[in-house]
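Residue numbering restarts at 1 for every chain, and letters A, B, ... go by the order of the sequence lines.
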Amino acid sequence: MKPTDLTVIIPINEYNDVVKGYLTRAIESIETAGHGHEIKTVNIVGSKEVLNQIDDTLLPSKAYKKLVNKGNTNFAAQINFAAKECKTKYFTILEYDDEYTPHWFESAAKYISFFENTPEDENKKTPTFFLPLTEVYDVNAPGTQPMQYLNEAYWATSFSDEIGFIDIESFINYMKLNVYGVIFSGGIYNTEDFLAVGGLKESFKLTFWHEFALRAIQNTKKIYIIPKIGYNHYVKRKGSLSEEYINNMSQEETEWWINLATKEYFFKNDRNKTYEE
Amino acid sequence: MAEKNISTALEKIQQGIKNIEDKSFNVFFYVIDSKGTPSGFLEYIYETALVLKNRGYNVTMIHSDDDFVGVGDWFNEDYANLPHKHVKKDDVQLGLSDFLFIPEVSHNVMRLTKNVPCKRIMIMQNYNYLCEFFPVATTPDTVGIHEVITTTKTQEQLLNDLFPDVKTYVVSPAILNKFRPSEEPKKLFINIVAKDPSTINRIVKPFYWRYPLYTWVSFRDLRSMQQDAFANALREAPITIWVDEPSQFGYSALEALRCGSIVVGKTPERLTDWQIEGDKLTDSILWFEDFDSLSDIVASLVRTWLLDNIPEDALNVISKFDGQYTKEQQEAEITNVYENQIFATRKKEFEEVAAQLKNNQAKTEE
């Protein structure tokens, strides 16, 4: 993977002083992680109203662009929109309140380039979606040790069919055990394959990434967890999507979305199923 | 009568000289059976044997095991295909111009062959084995061994101090070319190279107890692995923990370094040449003294590696050993020690004896 092959996508749905602080940190992490790798494009995607509030002085270079989304601006929709607009071979997603680790792009490039340059055979397809190991921090307790890791289970012995790779059975089992155990932000996605699989299903809550992952694997795409810490995910932020799910979504609804993911991944198109209590 | 005896002896000596000149003498290596378990100890002997065979010598591996398994299961077939003979069943004959190399663990063989006419030389790879297998008050001289080949200058010095009348040679081990880094980026495993199975528990369990956040980190026990699989495992993993306190050389540690693995090693009882730099331990290895400190070292190393914060020079430590312990260097040392010194000296001895015999013959005729 070359540096010009990657677009960073930052979906944003609100803006205030607090968000500005997070966004500043996120952008700094792009600059650090991209050092020597010259990320050519960073698309901050959101509605016109939100993007207009972002001062251009916050954006360090011409690589940073505001991508106005006139349609659905839920998280999944923002990603789909930005992916369709993506001009590079790969894109990565950075939540505005998270950050990349300093060497992530360099580390990822080594692994991705290796897979790109390894001839494919019928028994071993090349992965085209790559996730980082992620450290989880409490946003309210800065400077403390990570609370946990995410995506790490796939490096435990005998967890999945092939160590480092996600497979359907282990993923479904893990999703049912801990739906928050895997994170897809920070990951690097082959744009063409992402769109070919059909992108995220915008009607989904909670498990839109999980359903996508299952659908991707079902369509012979491979998802590899690069054994490097590439992403710091901050939790317990009031107003964040994950906090909303954790605090406001009932156990019943949570299970409903998990089960829906296990059924809907056979279908490319979003069938717009909704939860009813 | 005396004249006839001298003639017979002279004939034998001259035949011996001819055998050495045209390489028609036998080179025997006495080996114990590995029973299918990989052994650096045997690897060294077999590598020497193969080099000499390839240089045109009649090499035979001899043993006294009725159920001999050999090295085929874990070693390259070139070594397994060297001629092997059972000393009794295959009626091994040791002639005057032959050479018998005996490992330090086979004191009994040294004792039993004391009066055999061939040249006998001990190969000592591990001083601890010498202490273990030589009975009290027995020296190499007691069993008629006057020359010893060893693997390091450290051990050579030890031998010279203990047995000043024994002639010593050093032939270094070689780290095979298959031990080299891979193009493929590393996977997250931690290798453990340790002989004692209880060591695995002493490493793994406290690590998970102290660092529950890392219970997903996988350890791999490399005991009993076939050599190619062993090399592959060393290449794949970024970290290798090496515990072999009685080790006299540290093959696995060097092999791991050659494969680009960061080595965390327990300080051996006796340090060898490459482990000492000046008057301190080499910094090619992260040393630890006790198992209590190991978990912290490993956890710190794991996180540093996961964050890609390992300094570049720490990843390239093996460059310190460029040109050392290579196959080419070992072959040069084997040629020098075996051909240019041991075989050549034997020929010289024969020539001196022949000269003496001719002298005696002349006097007798007079």
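Residues B:Leu222 and B:Ile192 are not in side-chain contact: their nearest non-hydrogen atoms beyond the backbone lie 4.5 Å or more apart.
At a 4.5 Å heavy-atom cutoff, A:Ile226 makes no contact with chain B through either its backbone or its side chain. Only the side chain of A:Thr101 comes within less than 4.5 Å of a heavy atom in chain B; its backbone stays farther off. Contact annotation for A:Gln145: neither backbone nor side-chain heavy atoms come within less than 4.5 Å of a heavy atom of chain B.
Here the two rings, on B:Tyr208 and B:Phe219, have centers that are under 6.0 Å apart. B:Phe41 and B:Tyr251 have their aromatic ring centers separated by at least 6.0 angstrom.
Among B:Asp308, B:Leu213, B:Leu188, the residue with the largest count of heavy-atom pairs under 4.5 Å with chain A is B:Asp308.
Using a cut-off of 4.0 Å between Lys/Arg side-chain N and Asp/Glu carboxylate O, A:Lys110 and B:Glu183 are scored as not salt-bridged.
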